[in-house]
Each structure stands twice: as C-alpha cells, then as structure tokens.
Amino acid sequence: MRHATERTRSRMDIIVRHGGNLIPKFDVSVVTHIVTDAQKGPTLRALGLRNLDKIPDHIPTVKWSWIVSCIGATQGDARLNEVWLYAAFSERIDAGIPKFNSTLSRNRTKDNVPDVVNISHISQFTQDGNHLQERNLIDMDDISEFPDPDNLQRSLPRALLDVTKTHDPLEQFYAKAKAELENGSPYHSDSECGSGPDLSRIEFHADMPLAKKGWTCDKRADKIDVCPNQDVIDKLQELMEIHKSRLGEEDRWRAFSYNKCIRILKSYPRRIQSLNEARSLAGVGEKTASKIIEIIETGQLRRIDYENTDDIKVGRLFQGIYGVGQSIAYQWYASGCRTLDDVLSGKGGVKLNPAQEIGLKFYSDINSRMPRDEAKAIFDLIKPIALQLDPGLFVEIMGSFRRGKADCGDIDILITRPTDDGKTHAGILSRLLRELHAAEILTEDLALPENPYDLECIYRGLCHLPKEGSSRRRIDFLTVPWQSRGAALIYYTGDDIFNRAMRMKARVMGYALNQRGLFAGVVRDPHDRSKKLNPGQLIASETEEEIFRILEVPWQEPHQRIRG
DNA sequence: AGGCGGTACTG
DNA sequence: CAGTAC
DNA sequence: GCCT
C-alpha cells in the first residue's frame, strides 16, 4: 500500500511536471481526462459516481500508460495519444474519440436503424479536449512553477488515496487548454504561470446527457451527418487526388497529409471560422489552413484549377485500372494515350500485363463497391466448398465485411487450420481455387501465390455470383499458419487507421506488430528500416485478445475498430 | 533533417 | 530491381 | 504537407 501511494505521488508529480493539473474533486467543467489504473468500482468510488455512465462522454478514462505515451511520444505521431488506445474501461472506449460516425455503420441489418444517440454522442469537442491535452502534456515544459507535492497530496480526496492501497492508483488531472478555439472564452486558470500560453477553459455542458441536441444544435443537423465543413473536405479531397496521382515521393506524402486533414475535418463538429481555428487542428499546418480559409471565403481553391491539368485527369483515369499506378499511367500518357480506348487499342505501343488487361476489361466493376449482402452470398458459396475439401479449415471473411460495413470494396477470406491433429492447410489453396473456378465463382486470377504449398500465401482475383449479368468482384484469399491467426485477424480486419495506431503503440511499447504476430526485441537497420537485424522474439499471435491485452488496448469488436 | 507500415507478387 | 496492391 |  505504501508502495502504491508513493507510486501515485510520483505519477502525480510527473503529470504536473508536464503541465498537467490535478483536480481535487471531480468536476466535469474542468476535468479533461481521468487517469486510472484501478478497476471500475474503486474508480467510481474515488470519483463519487454511481456508474460509468455518469462520466460525460467527452472525458476519456485512460490508463497511466496514456500519460507515458504522451510524454514518451517522440516522432511523428499525434495518434499515439489517441485516448481510445489507453481506455481504462472498454465500455468507455469511445469516450473522448472525435468521431462522428465511428459507430455509424456497424452491424446494420435491416431492422437495425442507425443509432442517432451513438452517432452524435461520440463527437463534439472531445477532439479539442484530446489534442489540447496532448499539447499541454508535451509542450508545456516551460512552465516553471508547479504545485508543491504536499499541496497535491492534500488536495486529493481521501477516498481516492485509499483506493490506491489495494489497487493501482487513480489520479485525476486537468491540463489547461490553449486558447486555440477562437470562440472559446479565454481565461486564466488558477495557476500563476503568467508567461504560459494562452489558456482557455473549454465549455462543457456537463450535466446534459450529451446526446444529440447539446452539440449539433447550432447546425440544424436534424439529418444526421451533414458535415459543417463538407465543401472544404471536397476540395481538399480533390487536391489530395491530384497529388496522389503524381509520381514522386513528395506528392505522395502531401497526399498523406491532406488525407489526415480530411479525416480530422470529417469529425470536426463546427464550421471553421478562422485561420487560427483551422491551424489549431492537429495535422493542419500553415499551408493547409490557408487553403481551408480560401475555400471558405471564396468557395473554391485556385490551386486545384491550375493543378488539375489534362495529364493529371488522364492519369487518374488510368490509375483506376488494377495494376496501374502513377508510373505506368504517366508512361502511357507520354505515349499519347488519353482514354481507356486508347489503352485498349495499344495506342503509342503501350502494352498491358495480364492483370492490367483484366483490370481494364472490368474497370467499372472493380471500381465499384458491392452491397454487403452480395459479399455474404459469395462467401456463403465459398465456405462450404472449402470445408468440403477439409472440414477442419477455419474460413472467415475479413476486411470491411467483418467490420460490419454496409458495402464492401472487396472480399478478403482468411484460411487457416488447427494443427492439433497433425494436419495443416498446406496446399489447400490450390485445390480450393480449382474448385471455385470450376464452380464459376472465381473468374479471373490477378496474382497467384508464389508457392501455393506454403502455409502462408496470398491470392488475388475476381469472382462473381454465378448468375447472368452479375458484376465481377475483387476477392483475396489469405492463408496463414494457425499459430498466427490472431495477428492475421487483426491485420486483415483493419481498418487501416486502427492498424496503424496498433502498430505504433506496439512500437512505443518496445514491440513490433505485423500480420504474423507481436514481437519483442526487433532491431532494425537504422539505415534501412525494412531490414531487420534481429527478427525479435514472438510474444503473441494466436488470438486477437491476447495481443490487445498485451498492448493494453481494451477489447474491441471488429465493428468498433473503425477509425477512418 | 528525417519520418510518415511493412510485406508479397509481377515482370 | 521498380512498381503495385493492401 | 505536417510533426518533432
């Protein structure tokens, strides 16, 4: 117990050293985050609440590791500080997450109407709370005065300290927010750091059930998700596409940046009013902020007009062909091709490889999404065929389908097999592909596995429902060793953003995560990070749960892993 | 000034 | 190896 | 392009 108390105090000290404030009493109007490694009961007791629902959704409940991560965050990732990765209670995993629609498309069956409350309750200023908090923790080292520990000790409620005797300590803290939101009324909080940055208090409408009305009211968004900055998003998206279709690393990363800005804007609840407000969003810098303002003031972005030249448009068209990227598209343009027909007829001597031929032939099919039902129908044909080859197979559908999306861009099917009876799934893929071709479910192959008798291989192809006039659909088969099924499930379920955050958290914690497992002690060549000097030691890979647990990521069902 | 994921398949 | 896809 |  003494130990726990000391640890609590040292943790409190760390918090204040990094510019956080501890709040003696739970007050929803000032508390921005709740930090606890304790269990639900003790935490609630310390807060003086009856249940977790009483905590407003804008206040995330995070573990101590969140603080560690914020402080230890070194390079290039604001997402490290995403609170959901550090949520103390899975019920509150969404608290503090700036997503309007993170629960929008989950498990939507026909009788399941979109849940308006869920859609809106996640939203709001949580975003502000989040990244403001991050900045406080990381940037405010220059604050010279911090409260004396005894004061802190006294200021903490007795109950809270008692809690830490038997469980891990619980602390609350409050970090002053920078006045980045221009219409937030700035005020200086109690601490006397005169030279500190502008501080403001974020207005929390604490005791309202936070649902719909309170926040979305200023936009008459009776229709769910009308994003207040949609016009800005559209223009930035265009610009992003332009950069994406150009060859060259810089453009690639520019597109990457715009993509991030777009994601942020999509979840930003208010119309951007000023350059400063735009600038205040993590991921929006000078350049993008001024573009945002231009769009808002003039309704357009001149950059787009003179950047969206003919070669770019044609390039984008060509890149819609499977197997054609920036490089090939540009070559074809240089050869004089301007339309898909030009390409088809081999104008300028352009040649297509087999995959590209297929990609061109089914251009529109491949570029459109299929209804969830269709993905299911196709899968329901495939799975029995696979099980007929070997009843021991594990055959599951991954990707956006597993996340519950209403429409899917492709079908990803994971295949593996328990080995306890001494058998494996090696070689099954070849047989399955044959069967599926025979059944006229598989129609074209795009990429075959290098060695189909490996336990781990990848197949890419096209399929359809064996009916007249049904569209071609992209389908992938992925086989993995039974041992790595958990990591593979995570990896192939996504979404991308979620995976990236997992990977980065793993890295910060000293692990490396990939589709094969969670590894410790991976050493990479600093000059070529793709080279591993030491492959590391496998820590976990068999189940999703254990990987989540080791990474201290609260368990989330696939439909809860939507971040993009 | 350097990072922004890491891997597999094609030709 | 570069290019592409995921 | 943005962030450290």
Side-chain angles (χ1 to χ4, degrees), chain A residues 72-81 131 134-135 138-139 236 239-240 242-244 247-264 278-279 281-292 303 318-319 321-331 351-359 366 398-400 409-412 445-452 454 456-461 474-480 487-488 491-507 512-516 519 522 524 526-532:
Chain A
T74 50
Q75 277 153 14
D77 187 23
R79 272 189 300 273
L80 284 178
N81 300 310
H131 78 260
E134 294 166 24
R135 293 179 184 210
I138 296 170
D139 292 339
L236 289 183
L239 192 53
M240 178 185 75
I242 288 171
H243 285 295
K244 205 182 282 180
L247 22 74
E249 282 296 273
E250 329 173 298
D251 285 279
R252 182 186 158 188
W253 294 118
R254 245 169 271 189
F256 178 88
S257 263
Y258 285 128
N259 193 29
K260 186 175 178 185
C261 295
I262 288 165
R263 275 204 320 271
I264 289 162
R279 225 7 283 269
L281 305 178
V284 178
E286 294 296 336
K287 310 276 202 47
T288 307
S290 62
K291 288 186 180 69
I292 289 174
R303 268 296 273 280
F318 291 169
Q319 287 179 68
I321 302 171
Y322 184 95
V324 177
Q326 302 102 321
S327 183
I328 305 286
Y330 183 80
Q331 288 171 223
K351 292 267 189 273
L352 309 199
N353 68 30
Q356 291 162 346
E357 298 240 22
I358 296 165
I366 293 180
M398 317 296 296
S400 52
D410 65 358
I411 301 174
D412 302 301
D445 301 326
L446 293 170
L448 297 165
E450 76 309 339
N451 176 2
D454 280 348
E456 177 178 346
C457 44
I458 299 181
Y459 166 87
R460 302 187 197 285
R474 280 278 296 106
I475 188 168
D476 295 338
F477 287 97
L478 321 141
T479 72
V480 302
Y491 182 83
Y492 292 112
T493 297
D495 65 15
D496 277 355
I497 309 295
F498 179 88
N499 282 352
R500 232 182 270 204
M502 291 277 280
R503 283 197 299 268
M504 297 199 204
K505 180 170 188 189
R507 207 167 48 188
L513 178 66
N514 61 26
Q515 63 268 48
R516 302 199 180 92
F519 297 85
V522 174
R524 294 199 145 83
H527 300 300
D528 178 4
R529 254 162 295 92
S530 64
K531 279 195 174 74
K532 288 178 189 163

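Order of the sequence lines sets the chain letters (A, B, ...), proteins ahead of strands, with each chain counted from 1.
Remark on DNA chain B: of its neighbouring residues A:Arg503 and A:Pro449, the 5'-side contact belongs to A:Arg503, judged by nearest-heavy-atom nucleotide. Comparing A:Ser530 and A:Ser257 by the nucleotide of DNA chain B whose heavy atom lies nearest to each, the residue mapping closer to the 5' end is A:Ser257.
Using a 4.0 Å heavy-atom criterion, one finds that A:Lys291 contacts the sugar-phosphate atoms exclusively. Note on A:Glu250: nothing from the nucleic acid sits closer than 4.0 angstrom, heavy atoms only.
One interatomic measurement links the two molecules: CZ of A:Arg507 to C1' of B:dG5, which rounds to 8 Å at whole-angstrom precision. Note: CG (A:Asp251) to C1' (B:dC4) measures 15 Å, nearest angstrom. Rounding to whole angstrom units, CZ of residue A:Arg254 and C1' of B:dG3 are separated by 16 Å. The distance from atom CD of A:Glu357 to atom C1' of B:dT10 is 15 Å, rounded to the nearest whole Å. The separation between A:Leu448 atom CG and B:dT10 atom C1' is 11 Å, rounded to whole Å. Distance CZ (A:Arg252) to P (B:dG6): 11 Å, rounded to an integer number of Å. As rounded to whole Å, 16 Å separates atom P of B:dT7 from atom CG of A:Asp496. Rounded to whole Å, atom C1' of B:dT10 lies 14 Å from atom CG of A:Asp445.
Evaluation of the salt bridge (Lys or Arg N to Asp or Glu O under 4.0 Å) rule for A:Arg524 yields no partner, not counting sequence neighbours. With sequence neighbours excluded, the residues that form a side chain to side chain contact (heavy atoms under 4.5 Å, CB included) with A:Pro449 are A:Leu429, A:Pro452, A:Cys457, A:Tyr459. A:Lys351 pairs by the salt bridge (Lys or Arg N to Asp or Glu O under 4.0 Å) definition with nothing, not counting sequence neighbours. In this view, A:Arg254 and A:Glu250 satisfy the salt bridge (Lys or Arg N to Asp or Glu O under 4.0 Å) rule, not counting sequence neighbours. When the side chain to side chain contact (heavy atoms under 4.5 Å, CB included) test is applied to A:Glu286, the partners found at least two apart in sequence or on another chain are A:Arg279.
If you take atom P in B:dA8 and the same atom in D:dG1, they sit 34 Å apart, rounded to whole Å. Rounded to whole Å, the P atom of B:dC4 lies 23 Å from the corresponding atom of C:dC6.
Of the candidates D:dG1, B:dT7, B:dC9, B:dC9 carries the atom nearest the A:Glu450 side chain, counting heavy atoms from C-beta on. Side chain of A:Arg529, nearest nucleotide from D:dG1, B:dC9, B:dG3: B:dG3. The side chain of A:Glu456 has B:dA8 as its nearest neighbour among B:dA8, D:dG1, B:dG3. Checking B:dC4, B:dT7, D:dC3 against every side-chain atom of A:Phe256, the shortest atom distance belongs to B:dC4.
Between A:Val284 and A:Ala289 the shortest heavy-atom distance is CG1-N, 3.7 Å.
Distances shown here put every side-chain N or O of A:Arg500 at or beyond 4.0 Å from the OP1 or OP2 atom of B:dG3. Phosphate contact (OP1/OP2 of B:dT7, side-chain N/O of A:Lys532, threshold under 4.0 Å): present.
Of the inter-residue distances, the one linking A:Leu239 atom CG with A:Tyr258 atom OH reads 4.0 Å to the nearest 0.5 angstrom. Atom-to-atom distance recorded for A:Leu513:CG and A:Met504:CE is 12.0 Å, nearest 0.5 angstrom.
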When you check every protein heavy atom under 4.0 Å of nucleotides 1-6 of chain C, what one-letter string (B, S, -) results, 5' to 3'? --SSSS

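For A:Trp253 and B:dC4, the ring-to-base geometry satisfies the stacking test (centroid distance below 5.5 Å, interplanar angle below 30°).
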